[in-house]
Amino acid sequence: MKNFAGKLNAEGLKFALVVGRFNSFVVDALEAGAKDAIVRHGGSLDNIAVARVPGAFEIPLAVQRMAQSAKYDAIIALGAVIRGHTPHFDFVANEATKGVAQAMLDFSMPVSFGILTVDSIEQAIERAGTKAGNKGFEAAVTAIEMTQLLRAIEMDV
């Protein structure tokens, strides 16, 4: 029986971060967490490109273009959608999720989902580095692991 696993080694890997500017008080912490995870796992800040978009709704298009360039081993989508008093939250959160997933499948490359979809500002802050950890850090770790997992699978094919 063969078992495949991704190692947490970012050495030599190239990452694209697609970062929504809306709710930047939270998203900036997610970006810092993602960069920290990459560096802690042997990666380099020199191998990180950052594309800034207005908000979470625009993230999928930038993810698609970054994937299309074939310059990166993985893409990390970072943003924050905080529920308000209108259905706007549902539309933005759903389309950002679907668009990022579609780009990942279309280009067969790791695209890590670090877009917070939360009910309150407090929940967003908790997930950006306080009580619930830093979801940007976690998204970067996922990107590293998936990149190495796919490489292990490809070596066996």
Side-chain angles (χ1 to χ4, degrees), residues 2-24 26-39 41-83 87-118 124 127-128 133-157:
K2 292 184 181 184
N3 287 307
F4 298 99
K7 295 181 178 162
L8 293 179
N9 179 2
E11 187 177 348
L13 297 181
K14 293 185 178 178
F15 298 92
L17 275 57
V18 178
V19 181
R21 289 192 311 266
F22 201 76
N23 293 317
S24 63
V26 172
V27 180
D28 290 349
L30 297 176
E31 180 183 347
K35 290 176 179 176
D36 181 38
I38 292 166
V39 170
H41 290 91
S44 168
L45 291 176
D46 292 336
N47 286 338
I48 300 172
V50 179
R52 297 192 192 285
V53 298
F57 190 78
E58 294 77 23
I59 289 173
L61 179 59
V63 165
Q64 182 184 53
R65 287 293 169 92
M66 298 297 258
Q68 208 168 38
S69 77
K71 293 179 182 177
Y72 308 101
D73 296 298
I75 300 172
I76 303 164
L78 301 171
V81 186
I82 302 171
R83 188 178 300 281
H88 183 259
F89 168 90
D90 297 310
F91 299 125
V92 172
N94 288 335
E95 293 307 313
T97 302
K98 283 192 273 184
V100 168
Q102 190 61 54
M104 176 174 57
L105 295 174
D106 287 348
F107 291 94
S108 191
M109 73 179 304
V111 180
S112 190
F113 192 81
I115 302 173
L116 301 179
T117 54
V118 295
R127 286 157 179 78
N134 185 304
K135 299 303 178 188
F137 187 99
E138 291 176 21
V141 168
T142 297
I144 295 165
E145 182 175 352
M146 286 302 297
T147 300
Q148 296 296 7
L149 172 64
L150 294 179
R151 285 183 174 186
I153 291 169
E154 288 171 6
M155 300 243 337
D156 186 65
V157 174

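Since we're looking at a predicted model, the values are computed, not measured. All values below were derived from every heavy atom in this structure, side-chain atoms included, with hydrogens, water molecules and symmetry-related copies excluded.
When Leu30, Ile76, Ile75 are each tested for a side-chain contact (heavy atoms from CB on, under 4.5 Å) with Leu17, only one passes: Ile76.
Residues passing the side-chain hydrogen bond (donor to acceptor under 3.5 Å, both in side chains) test with Asp36, sequence neighbours excluded: Arg40. Partners of Lys98 by side-chain hydrogen bond (donor to acceptor under 3.5 Å, both in side chains), not counting sequence neighbours, listed by chain and number: Glu95. Remark: Asp106 pairs with Gln102 by the side-chain hydrogen bond (donor to acceptor under 3.5 Å, both in side chains) rule, at least two apart or across chains. In terms of the side-chain hydrogen bond (donor to acceptor under 3.5 Å, both in side chains) criterion, residue partners of Lys2 (sequence neighbours excluded) are, by chain and number, Asp156.
Sorted by first and then second residue, the pairs that involve residues 57-73 and meet salt bridge (Lys or Arg N to Asp or Glu O under 4.0 Å), not counting sequence neighbours, are Asp73-Arg151. The list of salt bridge (Lys or Arg N to Asp or Glu O under 4.0 Å) pairs with a residue in residues 42-55, not counting sequence neighbours, reads Glu31-Arg52.
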CA sep, side-chain torsions, deciding dist, call: Asp90, Arg83, side chain to side chain contact (heavy atoms under 4.5 Å, CB included): CA-CA 8 Å; Asp90 297 310; Arg83 188 178 300 281; 3.4 Å; yes
Derivation and outcome, side chain to side chain contact (heavy atoms under 4.5 Å, CB included), residues Leu45 and Val39: CA-CA 7 Å; Leu45 291 176; Val39 170; 3.8 Å; yes
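Here the closest non-hydrogen pair linking Ala124 and Ile82 is CB-CD1, 4.0 Å. Heavy atoms only, all atoms of each residue included: Phe22 and Gly55 are closest at CB-CA, 4.0 Å. Closest approach of Ala56 and Ile115 over heavy atoms only: CB-CG2, 4.2 Å. Across Ala93 and Thr117, no two heavy atoms sit closer than the pair CB-CG2, 3.7 Å. For the residue pair Ala5 and Leu149, the shortest heavy atom distance occurs at N-CD1, 3.7 Å. Of all non-hydrogen atoms in Ala10 and Ile38, the two that sit nearest each other are CB-O, 3.7 Å.
Side-chain contact between Leu13 and Gln148 is present, with at least one heavy-atom pair separated by less than 4.5 Å. In this structure the side chain of Val81 never reaches within 4.5 angstrom of the side chain of Phe57, judged on heavy atoms.
For Phe4, the CZ atom is densely surrounded, since the number of other residues' heavy atoms within 6.0 Å is greater than 12. Residue-environment remark: CZ (Phe107) exceeds the threshold of 12 foreign heavy atoms within 6.0 Å.
Asn134 places a side-chain N or O within donor-acceptor distance of the main-chain N or O of Phe137, the cut-off being under 3.5 Å.
Atom CE of Met66 is separated from atom NZ of Lys14 by 12.0 Å, given to the nearest 0.5 angstrom. Distance CD/Glu138 to OG1/Thr142: 7.0 Å, rounded to 0.5 Å.
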